[in-house]
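Predicted model, so just to flag it, every value in this text is computed and none were measured. Order of listing sets the numbers, starting from 1, for every ligand and every atom in it.
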Amino acid sequence: MIFKKFFKKAKFEKRASELDSNIEEIPSHIAIIMDGNGRWAKRRAMPRIAGHQEGMKTVRRIARVADELGVKVLTLYAFSTENWKRPKTEVEYLMSLPEKFLDEFLPEIMERNICVQMIGEKEGLPEHTKRAINKAMEKTKNNTGLILNFALNYGSRAEIVKAMKSMMKEVQEGKLTIEEITEETVNQYLMTSHLPEPDLLIRTSGEVRLSNFMLWQLAYTEFWFTETLWPDFDEEDFMEAIQAYQKRNRRYGGLTD
Ligand code: IPE
Ligand code: IPE
Ligand code: MG
């Protein structure tokens with residue numbers, strides 16, 4: 001056991017030394033579709049919620065390493081607008097996780113100067129979930145370190161519809177003209193208006209789809225997929241993704257050599 005731990009640490013250090021830790025080379029905004037909790041539990045003949053509980057530990061692990069590497073924004077897809085279709089007991093458990101997570105992690109969040117934020121339809125959340133999120137957001141609002149941004153009751157299409165409606169309302173009220181609408185204007189109406197676009201998107205568990213996540217914002221993001229299930233995802237995997245990102249050549253439609 002001790003040997004295994006030592007081995008893991010040595011591997012971690014090797015990976016860390018291979019990373020280009022030059023702050024410009026670390027992606028500013030990393031978004032993660034945290035997937036595979038249910039399968040992780042199923043493989044162990046455990047209930048799905050055990051997978052979600054384990055997945056919460058990964059959130060903590062990855063928030064720490066992101067903070068240490070100097071990532072500016074970490075957006076975590078925690079609950080989609082489609083996840084309400086799941087059994088009531090599972091949804092209830094998922095809705096209790098922000099409270100549990102923040103109760104335990106908030107002191108460390110403060111110590112690390114992390115700022116908690118959220119994208120998604122807050123109004124659709126149960127009162128106790130909303131309360132926990134509001135409390136964490138309020139308490140950490142002046143923190144200037146990593147932005148830990150939870151996508152909760154988030155759906156990209158719903159976000160775009162909402163943005164379009166607000167924009168049209170402004171047009172109707174004469175505050176905005178159709179000619180004035182640019183890509184930047186659309187951006188301003190999205191829930192991510194204050195954030196840079198993600199540089200790197202990670203999805204765990206072997207699924208290769210976006211599942212209604214940040215469709216507009218991911219236009220030029222680099223994607224990285226892994227078979228690893230979210231509860232098994234660790235610091236080393238995270239650094240592997242960053243290392244892969246550092247080897248990519250982002251062209252944005254232009255030419256570079
Ligand atoms: C990700 O794990 C967590 C949420 C979507 C809330 P899943 O619960 O989707 O796990 P799988 O995909 O069924 O294994
Ligand atoms: C996407 O995972 C949503 C989150 C990770 C919160 P899902 O497990 O809900 O996605 P699908 O159903 O496999 O597309
Ligand atoms: Mg899933």
inquiry  = Below 4.0 Å, non-hydrogen atoms only: which portion of Lys42 touches ligand 1? Side chain, backbone, both or neither.
reply    = neither

Distance filter under 4.0 Å to His52 heavy atoms, resulting ligand 1 atoms = 3 (C), 8 (O)

ask   = Are any of the N or O atoms of Trp40 closer than 3.5 Å to those of ligand 1?
value = no

query = Are any of the N/O atoms in Asn83 less than 3.5 Å from those in ligand 1?
reply = no

query = Who's closest to atom 9 (O) of ligand 1 heavy-atom-wise, of Glu207, Arg86, Glu90, Met34?
reply = Arg86

inquiry  = Regarding atom 10 (O) of ligand 2: of the candidates Lys85, Arg203, Arg39, Arg209, which has the closest heavy atom?
reply    = Arg203

Within a strict 4.5 Å, meaning less than it, do heavy atoms of the [X] and [Y] side chains meet?
X      : Y      : value
Thr75  : Phe213 : yes
Leu176 : Ile181 : yes
Trp216 : Glu183 : yes
Leu102 : Lys135 : no

query = Going by distance alone, is a donor N or O of one side chain under 3.5 Å from an acceptor N or O of the other, for Gln217 and His29?
reply = no

task = Report yes or no: does a heavy atom of Ser205 sit under 4.0 Å from some atom of ligand 1?
result = no

Joint cluster assignment, Met56 & Leu125, ILVMFWY side-chain distance < 4.5 Å = yes

inquiry  = Considering both backbone and side-chain atoms of Ser80, is one of its nitrogen or oxygen atoms within less than 3.5 Å of a nitrogen or oxygen in ligand 2?
reply    = no

request  = Look at Glu127 together with Arg131 and state whether they make a salt bridge at an N to O cut-off of under 4.0 Å.
outcome  = no

inquiry  = Quick test of your reading of the model: are Arg60 and Glu108 salt-bridged, counting only N-O distances below 4.0 Å?
reply    = no

Worked verdict on Glu159 versus Lys162 for salt bridge (charged side-chain N to carboxylate O under 4.0 Å, His left out) = CA-CA 5 Å; Glu159 177 191 32; Lys162 196 175 175 190; over 6 Å; no

ask   = Of the protein's non-hydrogen atoms, which lies at the shortest distance from atom 6 (C) of ligand 1, and what is that distance?
value = Ala78 O, 3.3 Å

ask   = Considering only protein heavy atoms, which is closest to atom 14 (O) of ligand 2, and at what distance to one decimal place?
value = Ser211 OG, 2.6 Å

message = So that I can check it, does any N, O or S atom in Asp35 come closer than 2.8 Å to the Mg ion (ligand 3)?
response = yes

ask   = Side chain, backbone, both or neither: which part of Phe79 comes within less than 4.0 Å of ligand 2 when only heavy atoms are counted?
value = backbone

query = Is the shortest distance from atom 12 (O) of ligand 2 to a protein heavy atom below 4.0 Å?
reply = no

